[in-house]
Amino acid sequence: MDSTTTTKRVDEGATAETYRGELAGKYLSFVLNEEFYGVDILAVREIIGLQDITRVPDADPCILGVINLRGQVIPLIDLRTKFGMVQVVADEETCIIIVDVDNTWVGMVVDKVDEVIALGKSDIEPPPRFAHDGNQDYVMAMGKVSDGRLLILLDVCLALAAKNNKGPSF
Amino acid sequence: MAENNDPKWQEFHDQVIASLDQIGVDLTMLGDDTGDLVTIVAIMERLDEVKDLAATTREEGTFQFAFGFVEIFAGILCERFDDAVGMLHTMANSLQAMKSHVEAVLDNPASPSDSPLDAGSSAVLKSIFGFLEVPVVELPTNGVEAEIAEEAPIEEEASPAPVDGVVDEGLFTTGLPAVFDDVDLYKEFAFECSEHLETIEESILELENTPEDLDLINAIFRPIHSMKGGAGFLSLLGMSKIAHSTETLLDHCRKENLAVDNRVVDVCLRSADALKQMIANLTRAVESPDANSFTCDLIAIGPIRADIDLILASMGDNASAPKVPSAATASSPSPVAVPVSATTPAPLVIDPDADLSDEKYASFGLPSDWGDDDDIALYRRFVVQCNEHNENIEDLMLKLETSPDDPELIDGIFRAIHSIKGDSGFLYLQGITTLAHDTETLLDRVRTQKIKATGVVIELFLESVDALKQMIANLNEVAEKPDPVAAAKTANLELVIFGPIRKRIQEVLDNPSLANAPLPKLGEILVTQGDITQDQLQDALALQGAPLGEVLTKTGVVEPSTVDKALKKQKATGGGSEPATAKAIKVDTDKIDLLVNLVGELVIIESQVTQMATQTLKSMEGRDDRTTQIMEKNLSQLGKITKELQDRSMALRMMPIKQTFQRMTRLVRDASKKMGKKVNLVLRGEDTELDKTVVEQIGDPLVHMLRNSVDHGIEPLEVRRAAGKPDEGTVNLEAYYLGDRIVIRVVDDGKGLDPVKLIAKAVENGLVKPGTMMPDEEAFMLIFAPGFSMAKEVTDISGRGVGMDVVRRNIEKLRGKIEIESTLGVGTIVTISLPLTLAIIDGMIVCIGDEEYIIPTSVIKESFQPSRDAITTVAQKGELINVRGDLTPLVRMYNQWNIKPRTTDPCEALVVIVENNGKRACLMVDELVGKQQIVIKNLGEHFSDARGLAGATILGSGRVGLIVDVDGIMRRADTR
């Protein structure tokens, strides 16, 4: 895990222009509950199929457990649970995207991996603000894809980092 | 006076005069500041240049001057003179004499190199050498000058044992690093020093108890001396100075001029601390070169040196004992004994007959002067380094042969040779220094492209390296078997070896065209050297094929006995027992960790393979006996090797706990002084080895525990006396093995813990509810609770209630256990037990429902299926199992972790009895799967709050298995 974190982030209060400059780039798009999400391709380490998961007692409900990735023990986060979506039975398209979050590898379970999409500066839109929705914190921005779809650009640090996914402390 | 028109001399003249002018300017800049290291080094470098110039042109007078001046500066750096400023002035004044001599050289048409020194120059030179040889304080300068002025030109009196008529200029270099890029040298030095400092500190502390122990003083003296020498050699002025001051102080103690008292011990400890700090600075500076770190040295040592001077002054003799090279002492009159002052304080013992000329330790250890373990270690290290350098050189040389113009190669060789020269000069290994110096000179010519690196030159280089190797091998032999006779022989051998090579190097230097000649054959060389005639060579060539000795004997060139002797010598010095091999190498800990990790993976994969293979073999039973047998045999062999490999690689990480323990000696001393108590710390089992990480991390807990013992355990003097205990409290710190764990105990004979008071205090601190009853052992454990403090007020040693919590946390982090036994009024025993290694443990895989967990085998006592009548339920206290009379709480693991079990009836399941911190519990599981060695992996931050889990591992199936933290699970069960 010697790679440096390249996760895209935007400081609060940044102007729209720097905002767009920072976030333009390539994104891996995936499907979750029929919504399109994008994760910075530079943060993605690999994409693997569903594995034998070891449940860890007392962990946060959105943490499915740990998996063995070539000798490394990697925590696995279920984005459906995390975002409060309904649970579905995993199928052959369900897979795990391994993401480097501040030099820690974390896996996230998604319904389906789509494709790599390049977003230019003009394709980036600031995140919408809805009332009473905690999940929008994980949304960095929206990306406009040429086919008209809107890509929800995920802030992996916020969504996956340990401090935001801890079990209840005793 | 006819002008000398030889351009060579004109060039020499110009260069020397230019250098001298620059030196004059530098000297003016320097003024009287003998502490201005940068300028002094600059001047010395220039002087070295002049000296080299003089050596190559063979201009005796100039050489003598330059040599003398260099020696003066070397003396100033090593603080050999009481009147360093005076010496500077002498030198500044002599500079003019040197200049006029150089002018005279140019004016001497016939043989410039033999230009006699005029009377003035001789006198100046003589007085300089006089300064260098005789204690300065005793020498009336004018008298000597007058006396010597009449004498004929100076002889080479300062150069011992010239070889082959060639001046031993290599010997005279003070080995100041001309370049600061000898980083390895500094690193090595820093490493050595930290080792020395460990010894020093330990010895000083011992000395406090046995102030009369001369051996101890010597034990401190030696490493300090080595450090001083090394520091001086590396131009670390601050270190050299403080080491020197401390050495002077110790010298007086050694000669019993000064009694070892508190002041001496304190100041020694402070200088040891200062040296430590400087070494730390040095290490930092070496890693990121920053000259400022060195100047910091000077600031730090001022007060310490002042205190040392104060002690010495109170002794009635604040002039340091004259430091004189041993060689000179032999011929010069013994210095006056230290004068006894009328104001001498009482504790002083002055022996007027003290043999001050015994400069055995003060002088650099000549190889004939073995017997000093420390010096031998120094030589051994030198041998190891040189062997590395030589290998490096050889490698580069061979590359140089193919690309003779590569400046990087030459620089690489140059650096290595330079290091060898410097080190050997410091260790007074004449032969090596001289040969290295010559080789260096030749290399310099190659570097400046005055001589081409052709076959002849490279051959010469390789021969030099071979000779150096031989000398180093000899040295190593002597270092292994300290024996003056052997040492003498070695010295002789060195001369034999390097004589001819030096001669040839000199030839090439004198006549660069030689370098371009085709490589002469061995026979031709012998002929040209006049060792054999052309005819003899022809005869020998005709006979070639037979061994050299035989050929030579047959042709009657040498006596058979001579050949035999030579052969014996060859056997004795080379090959044979091969003592030249290094016994230790330094390895980066990262490399070891990587190895240990890989071995860990190997262990896992081995168990997987074996498991599967065994199953396969079972299913194949009866089909092919032979294959099965071979497979089984190989599998068991694989298992054995893997186990062995694992043990060995784990052993690489093991180190003695000594270092950590020794830190505690100092701590207890300081803490007890502060508290005004007398405490004696007794160390036992310092050589016990444990994992490096554990050694490093056990330090902090030990600090808190020992502070606690001194602060709270050991009573004040009056209380101790009233209780009939000895005035001095005793704290034992011991380490020993117990099974696969290491036990560290802190035992004090203090007042002991009072459970009643502890509980009362805990209630006061809000840690337990009023009216709580608990067994004594549990009450003792209260001291580990965060926020618990017995101290009425917070002192600077303890009292905030943090320390013992730190202890518990750190010990737990190391998967250790902690126990307290205490008897009121008698003392307290704190026992820490730690696993030997951190990475791999033996684990029992158990099934709870469908999930697999691992319980460390070390905590498992037994496992069984309980009978129904053994289980009792206590109202609201949970279930207990009667295990042979002991009522042990039952922990239903599935309940703890919300697992769907195969059965909820303990009588149908299994219970595993585990013990932790003296408490037992029955963990209810569904099945025991088997034992396996497991590599512990961190679960990561996502699960840092999970209680009852110690980590994870990869199981044979490839799945991740979770390791049960028995302590955590027991606490958890308690709170539910």
Side-chain angles (χ1 to χ4, degrees), chain A residues 1-3 5 7 45 48-79 81-82 96-109 138 156-170, chain B residues 590 594 597-605 608 839 845 847-854 893-900 934-965 968-969 971-976:
Chain A
M1 290 208 225
D2 47 2
S3 56
T5 306
T7 318
R45 289 291 160 262
I48 53 175
L50 262 195
Q51 309 256 314
D52 223 346
I53 301 167
T54 301
R55 189 187 71 99
V56 179
D58 295 346
D60 188 292
C62 70
I63 299 185
L64 288 173
V66 285
I67 53 164
N68 165 23
L69 183 71
R70 294 186 303 278
Q72 262 188 68
V73 176
I74 290 175
L76 207 57
I77 289 172
D78 182 18
L79 284 184
T81 318
K82 178 99 192 157
I96 300 168
I97 304 177
I98 308 281
V99 184
D100 187 331
V101 182
D102 294 333
N103 285 328
T104 307
W105 288 20
V106 182
M108 52 183 189
V109 181
Y138 310 125
V156 284
C157 277
L158 281 180
L160 306 179
K163 57 180 182 290
N164 302 317
N165 289 288
K166 261 185 195 167
S169 48
F170 297 91
Chain B
D590 286 351
L594 193 64
N597 279 343
L598 281 175
V599 170
E601 301 293 332
L602 180 72
V603 169
I604 292 170
I605 205 82
Q608 286 181 28
I845 305 172
C847 272
I848 305 165
D850 292 334
E851 298 181 14
E852 283 177 324
Y853 287 86
I854 295 133
M893 295 294 280
Y894 66 89
N895 259 345
Q896 294 293 324
W897 284 334
N898 301 320
I899 303 165
K900 189 175 174 291
I934 57 162
V935 179
I936 300 178
K937 301 201 182 251
N938 205 329
L939 259 180
E941 276 179 60
H942 282 85
F943 309 101
S944 57
D945 286 337
R947 266 176 71 188
L949 291 177
T953 191
I954 312 294
L955 293 172
S957 59
R959 268 186 68 133
V960 178
L962 300 174
I963 303 163
V964 178
D965 167 22
I969 207 81
R971 280 163 200 265
R972 224 182 123 113
D974 278 353
T975 52
R976 285 218 170 177

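Here is the naming used below: chain letters follow the sequence lines, and residue numbers restart at 1 for every chain. Keep in mind that what you see is a predicted model, and the values were worked out from it rather than measured.
Here R959(B) contributes atom CZ and Q51(A) contributes atom CD; the two are 11.5 Å apart, rounded to the nearest 0.5 Å. Rounding to the nearest 0.5 angstrom, the gap separating the CD1 atom in I77(A) from the NE2 atom in H942(B) is 4.0 Å. Between the CZ atom of R55(A) and the CG atom of L962(B) there is a distance of 9.0 Å, given to the nearest 0.5 Å. Atoms CZ and CD1, from F943(B) and I63(A) in turn, are 4.5 Å apart once rounded to the nearest 0.5 Å.
Here V960(B) is the residue among L949(B), L955(B), V960(B), L939(B) with the most heavy-atom pairs under 4.5 Å with chain A.
The side-chain heavy atoms of D58(A) and Q896(B), taken from C-beta on, include no pair separated by under 4.5 Å. Residues P57(A) and N898(B) fail the side-chain proximity criterion, which asks for heavy atoms closer than 4.5 Å. For the pair T54(A) and E852(B), the minimum side-chain heavy-atom distance is 4.5 Å or more.
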